[in-house]
Amino acid sequence: LLEFEKVNKYFGETHVLKDVDLHVEEGEVCVIIGPSGSGKSTLLRCANRLEEIQDGEIRLAGQSISNPEADINRLRQRIGMVFQSFNLFPHKTALENVTLGPQKVKGVDKATAKRNAETLLDRVGLGDQADSYPNQLSGGQQQRVAIARALAMDPHVMLFDEVTSALDPELVGEVLEVMHGLAEEGMTMLVVTHEMGFAREVGDRIVLMADGRVVEDSPPEVFFENPRTDRGKQFLSKLL
Ligand code: ATP
Ligand code: MG
């Protein structure tokens, strides 16, 4: 469904993605791990055209994303993204944060947008917080609103970039649980995380990046029990 082919990305002279090949199948949860600076966030940002690539191609459902003529707005509707920082609109309620995109970008009428948003807030366990403002919510709750907001656009793929890294430890679980639920419903997901429990339990594939390259791409049981590469072994040994 989402394909990276020989993707190369430079920031000036710095070569940050090197011949990255990655095919994420429909319904698959692909977990990306790797040391700081290895290019994980850049890879996700390229998939959403927040960054341009210099070489190679990225496709969604067979259509080029990286082509300069691609309709970026339409693509972004089909690829939802959630970041480490929640970036909710501070002066809008949880419900308004979720209804805004569909109304403004997709032209959904207010009543429909509201009905969908209520369903989504229920789904992330926040049905009773629809009228709360972000500063009245915990970090975990805000992040769940951010997930509901991304889902409101009805994306084909969801990208998650360390969405629990800024949370207090006791709030991490509730966000991972929502992501686990999404995975079970068959959402195609590309997830950058340090949560190895989640990676192991929910991931269909573990993709290890190092220095801008995919250095291992294995099922979780292989990666965590008996990694195929030295880089994989090295990475695991540092976790223990
Ligand atoms: P982390 O685990 O710390 O989030 P990461 O794997 O997400 O790391 P990236 O943020 O993708 O890594 O960064 C990859 C490389 O690209 C790093 O060397 C970083 O310094 C560089 N880089 C990222 N964004 C920019 C930018 N906007 N301009 C210049 N260099 C950048
Ligand atoms: Mg990052």
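Remember, predicted model here, so these are calculated numbers, not experimental data. As a basis for the values below, the full set of heavy atoms in this structure was taken, side chains included, without hydrogen atoms, waters or symmetry mates. In each ligand, atom 1 is the first atom listed, and ligand 1 is the first ligand listed.
- In terms of protein heavy-atom proximity, atom 4 (O) of ligand 1 is closest to E162 OE2, 3.6 Å.
- The shortest separation from a heavy atom of G37 to ligand 1 is under 4.0 Å, placing the residue in contact.
- Below 30°, between 30° and 60°, or above 60°: for Y10 and H15 the angle between ring planes is below 30°, a parallel geometry.
- Of all atoms in ligand 1, numbered sequentially from 1 with element shown, those under 4.0 Å from a heavy atom of P35 are 6 (O).
- Summary of contacts: the protein heavy atom closest to atom 10 (O) of ligand 1 is S41 CB, 3.8 Å.
- No option in V157, V163, L50 other than L50 meets the side chain to side chain contact (heavy atoms under 4.5 Å, CB included) test with M81.
- Of all protein heavy atoms, the one lying nearest to atom 11 (O) of ligand 1 is T42 OG1, 2.5 Å.
- Neither the backbone nor the side chain of M209 comes within contact range of ligand 1; no heavy atom lies under 4.0 Å.
- Atom 28 (N) of ligand 1 has F11 CD2, 3.4 Å as its closest protein atom, hydrogens excluded (heavy atom only).
- Closest to atom 2 (O) of ligand 1 among all protein heavy atoms lies K40 NZ, 2.7 Å.
- For the pair R200 and F223, the NZ or CZ position fails the cation-pi test of under 6.0 Å to the six-membered ring centre and within 45 degrees of the ring normal.
- At a distance under 4.0 Å, a protein heavy atom can be found next to atom 6 (O) of ligand 1.
- Nearest protein neighbour of atom 3 (O) of ligand 1, counting heavy atoms only, is S36 OG, 2.6 Å.
- Residue contacts with ligand 1: R45 is excluded, as none of its non-hydrogen atoms falls under 4.0 Å.
- Remark: atom 31 (C) of ligand 1 lies closer than 4.0 Å to at least one protein heavy atom.
- Summarising the local packing, NZ of K114 is surrounded by 12 or fewer heavy atoms from other residues, nucleotides or ligands at distances under 6.0 Å.
- Within the structure, ligand 1 lacks G212 among the residues with a heavy atom less than 4.0 angstrom away.
- Of the protein's heavy atoms, V16 CG1, 4.9 Å lies nearest to atom 19 (C) of ligand 1.
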Quick one: do E5 and H23 satisfy side chain to side chain donor-acceptor pair (under 3.5 Å)? Show the steps, please.
CA-CA 8 Å; E5 226 146 76; H23 289 202; 2.9 Å; yes

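- Under the rule for a salt bridge (charged side-chain N to carboxylate O under 4.0 Å, His left out), the partners of E174 that lie at least two apart in sequence or sit in another chain are R144.
- Salt bridge annotation for E57-K6: absent, with no cationic side-chain nitrogen under 4.0 angstrom from a carboxylate oxygen.
- A cation-pi arrangement is found for K9 relative to F11, the charged atom lying closer than 6.0 Å to the ring centre and inside a 45° cone about the ring normal.
- Among the atoms of G39, some N or O lies under 3.5 angstrom from an N or O of ligand 1.
- Metal site remark for the Mg ion (ligand 2): S41 contributes an N, O or S atom at a distance under 2.8 Å.
- For the residue pair R228/S218, the side-chain donor-acceptor check at 3.5 Å is satisfied.
- Between E185 and R123 there is a salt bridge, with a side-chain nitrogen of the basic residue lying less than 4.0 Å from a carboxylate oxygen of the acidic one.
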